[in-house]
**Student:** 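Dropping the structure in here first, questions after.
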Amino acid sequence: MAALTGLEPVAAAAAKPPARPRWWRGLVFALAAAYFLIPLGASLWYTVHNPATGVSFSAYGELLTAEGFARSLLLSLSLAAATIVLVLLLALPAMLAVRLFAPRLRPVMEVLCTLPLVVPPITFVAGLTTSLRDGADILAPTPFWGTLIAIQDPGFPVVLVLAYVVLVLPFVYRSLDAGLRTMDVRTLVEAARNLGASWPHVLLRVVVPNLRSALASASFLTLALVLGEYTVASLLGYEPFAVWIVTISGSKGQLSVAVSILSLLLIWALLLAVSTVFSGRKKS
């Protein structure tokens with residue numbers, strides 16, 4: 001049969017060139033690992049080494065008793081949780097409504113959601129400060145004056161949540177848009193509506209389960225931005241975690257670097273935990 005067809009599978013297989021070693025993959029991985037691990041290792045060595053006393057972990061022991069550490073960390077985590085909830089409640093229904101009922105408005109929504117990227121934070125804070133100052137004078141004779149004062153409470157500044165929602169909106173929009181592109185939203189929504197599902201049921205039981213990865217990505221981008229944001233909080237006079245680190249860096253350099261390392265490791269641990277949970281759900 002091989003003689004009739006002219007095919008020689010054995011000879012063709014033998015003539016196949018051997019696979020080349022992919023040594024460059026290991027080189028790229030090693031360079032990337034060195035790029036991230038060398039600065040982290042240098043920072044870790046700075047926190048545990050003292051030329052006078054040698055190796056000591058006293059900087060990490062001081063974290064438990066450092067003034068303002070627990071308060072600022074809890075404040076940043078609370079602000080991050082509130083920002084995540086608010087930005088997802090605003091962005092996801094709006095993106096679904098535009099995708100389902102007004103697809104021509106998608107370019108307009110994309111421009112509006114990515115607009116904070118071109119506005120410098122210092123300009124954004126200046127406008128926000130002016131609005132708060134002038135708003136207090138305008139709303140003084142009205143009942144809304146108390147609301148304006150309440151959102152600036154140092155215990156939980158809601159004004160920071162509103163500012164962070166604006167700053168993180170471009171990243172949340174890109175994450176959710178990438179997730180929505182991977183699914184047929186219109187077909188799923190129409191099928192659920194034809195079966196009698198209400199709009200809240202469609203959103204929570206049909207759309208959200210298919211956007212787990214996109215929602216997790218948007219949440220972690222928001223968490224990283226809130227924990228590391230300094231300009232807005234500092235100029236408005238609040239002291240979340242990032243501002244507290246800068247405040248103590250002048251007098252306690254080792255302590256501030258130790259806090260930064262622990263916060264970085266905490267974010268990595270949360271990211272790995274969420275990735276493991278989502279991978280387990282997909283496999284199951």
Side-chain angles (χ1 to χ4, degrees), residues 36 39 43 68-69 71-92 94-95 108-138 147-178 217-250 253 256-257 259-264 266-268 270-271:
F36 287 103
S43 301
F69 168 71
R71 175 182 52 79
S72 61
L73 180 59
L74 291 177
L75 177 60
S76 292
L77 292 177
S78 302
L79 294 173
T83 305
I84 291 171
V85 173
L86 183 58
V87 73
L88 291 180
L89 288 178
L90 292 175
L92 183 56
M95 294 178 66
V108 178
M109 185 176 185
E110 182 176 0
V111 171
L112 292 177
C113 291
T114 56
L115 190 61
L117 291 176
V118 301
V119 179
I122 189 68
T123 305
F124 176 68
V125 177
L128 185 60
T129 304
T130 303
S131 300
L132 293 175
R133 183 179 63 250
D134 295 343
D137 298 334
I138 296 174
T147 303
L148 187 64
I149 299 301
I151 65 174
Q152 302 179 60
D153 183 13
F156 186 79
V158 180
V159 64
L160 282 183
V161 176
L162 302 178
Y164 291 156
V165 167
V166 176
L167 294 178
V168 81
L169 188 59
F171 309 103
V172 173
Y173 175 81
R174 289 300 183 187
S175 299
L176 296 181
D177 184 65
S217 176
S219 300
F220 272 100
L221 288 173
T222 305
L223 177 64
L225 184 142
V226 174
L227 289 180
E229 201 285 321
Y230 172 80
T231 304
V232 177
S234 177
L235 293 179
L236 290 180
Y238 301 105
E239 193 180 37
F241 195 53
V243 179
W244 179 80
I245 293 177
V246 176
T247 302
I248 67 170
S249 61
S256 63
V257 176
V259 172
S260 301
I261 293 176
L262 288 181
S263 63
L264 180 62
L266 176 62
I267 294 176
W268 282 359
L270 291 175
L271 179 59

**Student:** Under the side-chain hydrogen bond (donor to acceptor under 3.5 Å, both in side chains) definition, can you give me all pairs with a residue in residues 77-86, not counting sequence neighbours?
**Tutor:** none
**Student:** Atom CG of Leu79 and atom CG of Leu225: how far apart are they, to the nearest 0.5 Å?
**Tutor:** 11.5 Å
**Student:** Once rounded to the nearest 0.5 Å, what's the spacing between atom OG1 of Thr231 and atom CG of Leu236?
**Tutor:** 10.5 Å
**Student:** Would you tabulate the side-chain donor-acceptor contacts of residues 112-129 under 3.5 Å, counting partners in other chains and residues two or more places apart, or write 'none'?
**Tutor:**
residue, atom, partner, partner atom, Å
Thr114, OG1, Glu110, O, 2.7
Thr114, OG1, Val111, O, 3.4
Thr129, OG1, Val125, O, 2.8

**Student:** Mind listing the closest non-hydrogen atom pair of Leu75 and Phe156 along with its distance?
**Tutor:** CD1-CA, 4.3 Å
**Student:** Taking all non-hydrogen atoms of both residues into account, name the closest pair between Leu176 and Ala91 and its distance.
**Tutor:** CD1-CB, 4.0 Å
**Student:** Tell me, please, which residues at least two apart from Ala224 pass side-chain contact (heavy atoms from CB on, under 4.5 Å).
**Tutor:** none
**Student:** How long is the gap from OG1 on Thr247 to CH2 on Trp244, to the nearest 0.5 Å?
**Tutor:** 9.0 Å
**Student:** Nearest 0.5 Å, what's the CG-CG distance between Leu227 and Leu264?
**Tutor:** 11.0 Å
**Student:** Looking at Tyr164 and Pro240, what are the two nearest heavy atoms and their distance?
**Tutor:** OH-CG, 4.4 Å
**Student:** Does Gln152 have any side-chain hydrogen bond (donor to acceptor under 3.5 Å, both in side chains) partners at least two apart in sequence or in another chain, and if so, which?
**Tutor:** none
**Student:** Is there side-chain contact between Leu92 and Val172, with at least one heavy-atom pair below 4.5 Å?
**Tutor:** no
**Student:** Taking it one step at a time, do Val226 and Leu167 satisfy side chain to side chain contact (heavy atoms under 4.5 Å, CB included)?
**Tutor:** CA-CA 9 Å; Val226 174; Leu167 294 178; over 6 Å; no
**Student:** Can you name the side-chain contact (heavy atoms from CB on, under 4.5 Å) partners of Ser234, sequence neighbours left out?
**Tutor:** Tyr230, Val243
**Student:** What's the spacing between Leu132 CG and Ile149 CD1 if we round to 0.5 Å?
**Tutor:** 9.0 Å
**Student:** Pairs in or reaching into residues 228-247: which pass salt bridge (charged side-chain N to carboxylate O under 4.0 Å, His left out), with residues at least two apart or in two chains?
**Tutor:** Arg71-Glu239
